[in-house]
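Quick note: numbers below take in every heavy atom, side chains included, and nothing from hydrogens, waters or symmetry partners.
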Amino acid sequence: MFKHLLKYYLYMVSLFFIGRLLLFILYFENFKDSGVDYWLTFIYGLRMDTIAASVFLLIPLILLTLSPAKFKYFVDKFLKYYFLVLISIIIYIENATFPFIAQYDVRPNYLFVEYLVYPREVFSMIFADYKLELFIAF
């Protein structure tokens, strides 16, 4: 039971690490002379990734520990789709980070979510300007 949670924790942390590593490589010129120990980025990033993964694993942990054995089939089915959606969202967010940084010079923040109030404008801009990124995310 907990092996599955550990497996999904490692999947999430790996996806976050790959995204951070690619950002590190792409934007290395921006901060190489800043005097900051940029290798700490990966240590602090692991800490933040662990916090995020732990939050995402809270629902499965509760379901796996508190559900009766007779609901095992339904819990397994739910968790299968839960992790499918969760991993898909993580991949999407990691892919969306690159054009967001190119546009705003920061990682996705409150603007990323705030503009979702205007779906027509956001989606028309995305479809017009980011066809390759959408294809990659898909």
Side-chain angles (χ1 to χ4, degrees):
M1 166 169 71
F2 293 108
K3 285 182 189 178
H4 294 303
L5 294 181
L6 179 63
K7 176 178 74 170
Y8 284 110
Y9 165 79
L10 293 174
Y11 286 159
M12 287 186 271
V13 169
S14 297
L15 288 171
F16 292 140
F17 176 78
I18 291 168
R20 184 171 290 102
L21 182 63
L22 290 174
L23 288 172
F24 181 80
I25 292 168
L26 287 173
Y27 294 102
F28 183 74
E29 292 296 322
N30 293 359
F31 58 87
K32 75 174 184 177
D33 296 326
S34 65
V36 175
D37 187 5
Y38 43 80
W39 294 108
L40 287 176
T41 302
F42 292 100
I43 294 170
Y44 293 142
L46 178 62
R47 179 176 161 243
M48 294 305 296
D49 298 344
T50 298
I51 291 169
S54 297
V55 169
F56 295 141
L57 291 173
L58 190 61
I59 291 172
L61 180 66
I62 290 171
L63 284 175
L64 288 171
T65 55
L66 298 179
S67 63
K70 65 181 177 180
F71 294 125
K72 183 181 180 341
Y73 173 77
F74 297 109
V75 169
D76 288 343
K77 203 63 131 162
F78 171 79
L79 290 179
K80 180 177 169 183
Y81 290 112
Y82 174 81
F83 285 119
L84 175 68
V85 169
L86 182 65
I87 297 295
S88 299
I89 289 171
I90 290 171
I91 291 171
Y92 171 76
I93 295 295
E94 289 299 319
N95 280 329
T97 298
F98 296 101
F100 195 87
I101 287 179
Q103 182 75 29
Y104 299 106
D105 205 30
V106 294
R107 286 195 83 156
N109 54 15
Y110 72 95
L111 287 175
F112 188 79
V113 177
E114 192 170 296
Y115 282 125
L116 292 179
V117 174
Y118 309 102
R120 181 176 294 150
E121 292 83 1
V122 169
F123 289 123
S124 65
M125 182 192 74
I126 288 172
F127 289 133
D129 296 337
Y130 299 108
K131 289 180 178 82
L132 176 64
E133 288 85 355
L134 283 172
F135 177 72
I136 291 170
F138 180 72

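Between F74 and F78, the ring centre distance reaches or exceeds 6.0 Å.
We find that D76 and K80 are not joined by a salt bridge, their nearest charged nitrogen and carboxylate oxygen being 4.0 Å or further apart.
In this structure, the separation between CG on D49 and CD1 on I90 is 9.5 Å, given to the nearest 0.5 Å. L46 contributes atom CG, which lies 12.5 Å from atom CG of L40 (distance to the nearest 0.5 angstrom). Between the CD atom in E94 and the CG atom in L15 there is a gap of 7.5 Å [rounded to 0.5 Å]. For the atom pair CZ of R107 and CZ of F98, the computed distance is 8.0 Å after rounding to the nearest 0.5 Å. Taking OG1 of T50 as the start and CZ of F16 as the end, the distance is 9.5 Å to the nearest 0.5 Å. Atom CG of L22 sits about 6.5 Å away from atom CG of L26, to the nearest 0.5 Å.
If you chain together hydrophobic residues whose side chains sit under 4.5 Å apart, I51 and I62 never meet in one group. Follow the hydrophobic side-chain contacts under 4.5 Å out from I93 and you reach V85 in the same cluster. Hydrophobic clustering, with ILVMFWY side chains joined whenever heavy atoms are under 4.5 angstrom apart, keeps L84 apart from M12. Neither Y81 nor F83 shares a network with the other; the hydrophobic side chains, linked directly or stepwise wherever heavy atoms of I, L, V, M, F, W or Y lie under 4.5 Å apart, form separate groups for each. Note on L10 and I91: same hydrophobic cluster, where clusters join Ile, Leu, Val, Met, Phe, Trp and Tyr whose side-chain heavy atoms are under 4.5 Å apart, directly or indirectly.
Using cut-offs of 30° and 60° for the angle between ring planes, the F17 and F42 rings count as tilted.
Side chain to side chain, Y9 and S54 fail the donor-acceptor criterion of an N or O pair below 3.5 Å.
Inter-residue side-chain proximity for L64 and H4 is flagged as unmet; no heavy-atom pair is nearer than 4.5 Å. At a threshold of 4.5 Å between non-hydrogen side-chain atoms, the residues Y11 and L86 do not count as touching.
When every heavy atom of L57 is checked against every heavy atom of L5, the shortest pair comes out as CD1-O, 3.7 Å. Y82 and F56 get closest at one heavy-atom pair: OH-O, 2.5 Å. Here the shortest heavy-atom pairing between T41 and R20 reads O-CD, 3.8 Å.
No more than 12 heavy atoms of other residues, nucleotides or ligands shown are found within 6.0 angstrom of NZ on K72. Counting non-hydrogen atoms of neighbouring residues, nucleotides and ligands closer than 6.0 angstrom, the OH atom of Y73 reaches no more than 12 such neighbours.
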